[in-house]
Amino acid sequence: MNDSMSENLSYFRLYKKMFSVKKNVKPEKIFFGKHKDQYFLYYEPENILSNKVIVWVHGGGWNAGTPAFFDFVGQAMCSYGYRFISIGYRLSPKNKYPVQIEDICKGYNVAINFLKEKNIDTSKIIISGPSAGAHLTSLLVYDKEIQNRMNVDLKGVIGFIGVGGPYSFSTKTTTAVKLLLNQLFQKGYDRTLGEPCSRMAKSSVPMLLIQSKHDGLIDYSCAELMYKRALEIGNRCELYSVEDKNNTHSWYTAGIFLEKREENKTLDNFFCWIEQCC
């Protein structure tokens with residue numbers, strides 16, 4: 001069975017486990033714009049075991065998903081004692097890039113002020129995202145132009161984790177990803193302006209890239225190019241390869257949060273890196 005077929009067959013298993021997750025924590029919903037998708041969810045664990053805060057942006061091909069849909073990720077983060085913020089954004093194809101990254105920047109700014117108003121330490125922020133969320137969060141952290149234009153202050157960010165992200169548009173691209181990119185960008189738009197590999201600047205924020213060799217949607221070379229580009233400009237970067245053939249795109253970018261650390265090596269690596277980060 002090829003990886004693309006395995007990816008398609010994984011959806012039933014993923015959705016079945018998603019809808020069985022207990023909602024132990026009720027998140028706060030904060031809007032940062034007038035559109036229904038311009039909001040973030042804040043999760044406060046009952047037992048706080050870390051002073052690090054995880055800021056996360058969902059995937060879904062830029063055209064699907066909301067923070068509420070990915071509630072199970074917030075529940076998982078809380079179970080490990082982390083405060084967690086899940087930021088939403090307006091979706092394609094109705095909304096074209098750069099609307100998405102502008103929403104993420106605005107949502108991030110509002111979220112940091114929200115935390116400060118609660119007297120929560122914002123000096124140890126981990127920013128992460130899977131798939132389309134990895135694309136958007138990597139731009140948030142490493143694109144200096146968008147940071148300056150949107151007045152984003154990342155001085156409290158101590159790490160970035162990208163999971164299964166489309167960081168380059170010039171590598172081997174599946175038909176599905178080509179269609180999604182066509183929906184994301186206006187015809188004639190210079191796509192390098194939204195390409196993480198092209199936009200990445202020198203940064204002190206260390207990076208962990210998690211990528212499966214059996215993704216089925218995003219080619220492994222995307223992460224390899226991002227990794228090589230980071231090292232070329234002097235950024236600290238680690239590349240973790242997911243070897244399990246069952247961990248195709250949707251499972252290792254989202255489904256891993258439906259498992260336990262002792263069950264899933266990728267999930268354990270995700271949290272180990274956070275624990276060791278600064």
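The structure displayed is predicted, hence computed values, not measured ones.
Checked against the 6.0 Å centroid criterion, the rings of Phe257 and Phe270 qualify as a close aromatic pair. Aromatic rings of Phe70 and Trp56 (six-membered ring for Trp) have centroids within the 6.0 Å cut-off, being under it. Residues Tyr220 and His214 keep their aromatic ring centres 6.0 Å or farther apart. Ring pair Tyr142/Phe160: centre-to-centre distance below 6.0 Å. Aromatic ring centroids of Phe31 and Phe40 lie 6.0 Å or more apart.
Here the side chain of Thr122 pairs no donor or acceptor atom with the backbone of Gly156 at under 3.5 angstrom. A side-chain donor-acceptor contact under 3.5 Å links Asn235 to the backbone of Ala201. The backbone N or O of Arg199 lies less than 3.5 Å from no partner atom in the side chain of Lys144, so there is not a single donor-acceptor pair. Glu117 places no side-chain N or O within donor-acceptor distance of the main-chain N or O of Phe114, the cut-off being under 3.5 Å. In this structure, the side chain of Thr248 does not engage the main chain of Gly216 through any donor-acceptor pair within 3.5 Å.
Expressed to the nearest 0.5 Å, how far CZ of Arg191 lies from OG of Ser198 amounts to 12.5 Å.
A donor and an acceptor atom, one from each side chain of His58 and Thr66, are nowhere located under 3.5 Å apart. A donor-acceptor contact closer than 3.5 angstrom links the side chains of Asp215 and Tyr252.
Relative orientation of the Phe185 and Tyr189 rings is parallel, given thresholds of 30° and 60° on the angle between their planes.
Taking both residues in full, the closest heavy atoms of Gly65 and Leu91 are given as O-CD1, 3.8 Å, listed atom of the first, atom of the second, then distance.
The existence of a salt bridge linking Glu232 and Lys202 is excluded, since no basic side-chain nitrogen approaches an acidic carboxylate oxygen closer than 4.0 Å. Salt bridge annotation for Arg261-Glu275: present, with a cationic side-chain nitrogen under 4.0 angstrom from a carboxylate oxygen. Under a 4.0 Å N-O distance rule, the pair Asp37/Arg90 does not qualify as a salt bridge.
Residues satisfying the salt bridge (Lys or Arg N to Asp or Glu O under 4.0 Å) criterion with Arg149, sequence neighbours excluded, are Glu102, Glu145. With sequence neighbours excluded, the residues satisfying side chain to side chain contact (heavy atoms under 4.5 Å, CB included) with Lys23 are Asp71, Gln75. With sequence neighbours excluded, the residues forming a side chain to side chain contact (heavy atoms under 4.5 Å, CB included) with Glu238 are Leu208, Trp273, listed by chain and number.
Under a cutoff of 6.0 Å and an axis angle of 45°, Lys29 and Tyr39 form a cation-pi pair.
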